[in-house]
Amino acid sequence: MASSISITPSYFASTSLPPRPIASHFPFNLNSSTFFFPLKNGSFKLRNAPPLSPKALSARAPKAAVVTKDTWEKSVLNSDSPVLVEFYASWCGPCRMVHRIIDEIAGEYAGRLSCFILNTDDDFPIAEDYEIKAVPVVLLFKNGEKRESVVGTMPKDFYIAAIERVLKS
């Protein structure tokens, strides 16, 4: 007859090593912006993560221009054509997905709609004026007035439907 071992919590406590914080299992600091890339010889190559810019949000050259608090009034409020503004943050993952959609829309509606992006971290007063509490948010303006808003990451059809409503009004 085979012998059996009784496995209880005390068995694990007597045979295991003291617990370590999860971060100690990695050869790098989890809170750092430095990345380690393993090489074939077993060593690691260090690389600092570049800051995220509007150009980095899209693989190709962005079609939506950057708007700031300095250019807000001229570009958005005094525009002759309807305006779409994407409010984003550089650290926001869903904003990257929305930015790709807005870039596509900017190309498709060129001449009928002006598209801009605004970094809420850099231009917080503008975001505060329009009560932007989270990102991504897309606002549509016509004649200097906010007409439509799309909050969160939505399919392209949601943005198109809101644009069409603003263009028809």
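Note: hydrogens, waters and symmetry copies are ignored here, and every other heavy atom, side chains too, is used.
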Taking all non-hydrogen atoms of both residues, which atom of [X] and which atom of [Y] are closest, and how far apart?
| X | Y | value |
| --- | --- | --- |
| Ala89 | Cys95 | N-SG, 3.8 Å |
| Ala64 | Asp103 | N-OD1, 3.1 Å |
| Phe87 | Ile126 | CE2-CG2, 4.1 Å |
| Leu167 | Arg112 | CD2-O, 3.7 Å |
| Met154 | Ile101 | O-CD1, 3.6 Å |
| Ser79 | Ser114 | OG-OG, 4.3 Å |

Below 4.5 Å, heavy atoms only, C-beta onward: do [X] and [Y] meet side chain to side chain?
| X | Y | result |
| --- | --- | --- |
| Asp122 | Thr68 | no |
| Lys142 | Ser169 | yes |
| Leu113 | Val83 | no |
| Val85 | Trp72 | yes |
| Phe116 | Ser75 | yes |
| Ile163 | Tyr109 | yes |
| Lys156 | Ile105 | yes |
| Leu84 | Ile102 | yes |

Original post:
Are Val151 and Leu118 linked, directly or through other ILVMFWY residues, by side chains that come within less than 4.5 angstrom of each other?
Top reply: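 Same cluster: Val151 reaches Leu118 through Ile, Leu, Val, Met, Phe, Trp or Tyr contacts under 4.5 Å.
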
Original post:
Is it true that Tyr88 and Met97 fall in one hydrophobic cluster, defined by side-chain heavy atoms closer than 4.5 Å?
Top reply: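 No, no single cluster joins them.
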
Original post:
What residues, two or more places apart in sequence or in another chain, satisfy salt bridge (Lys or Arg N to Asp or Glu O under 4.0 Å) together with Glu128?
Top reply: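 Glu128: no salt bridge (Lys or Arg N to Asp or Glu O under 4.0 Å) contacts found.
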
Subject >> More than 12 heavy atoms of other groups within 6.0 Å of Glu73 CD >> reply: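 No, because the 6.0 Å sphere around CD of Glu73 holds 12 heavy atoms or fewer from other groups.
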
Original post:
Which residues pass the side chain to side chain donor-acceptor pair (under 3.5 Å) test with Asn143, sequence neighbours left out?
Top reply: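 None.
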
Mind checking the [atom1]-[atom2] spacing from [X] to [Y]? Nearest 0.5 Å is all I need.
| X | Y | atom1 | atom2 | answer |
| --- | --- | --- | --- | --- |
| Asp123 | Ile132 | CG | CD1 | 12.5 Å |
| Leu140 | Arg165 | CG | CZ | 9.0 Å |
| Cys92 | His99 | SG | NE2 | 12.0 Å |

**OP:** Decide whether Tyr159 and Glu104 meet the rule of one side-chain donor and one side-chain acceptor closer than 3.5 Å.
**Re:**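 No pair is found: no donor N or O on one side chain lies under 3.5 Å from an acceptor on the other.
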
Original post:
Any luck finding a side-chain donor-acceptor pair between Trp91 and Asp121 under 3.5 Å?
Top reply: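 Note: Trp91 and Asp121 side chains meet the donor-acceptor criterion.
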
Subject >> Chi angles and distances behind the side chain to side chain contact (heavy atoms under 4.5 Å, CB included) call for Val98, Glu86 >> reply: CA-CA 8 Å; Val98 171; Glu86 174 199 349; 4.0 Å; yes

**OP:** Could you tell me if the ring centre of Phe141 sits under 6.0 Å from that of Tyr130?
**Re:**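 Centroid separation for Phe141 and Tyr130: below 6.0 Å.
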
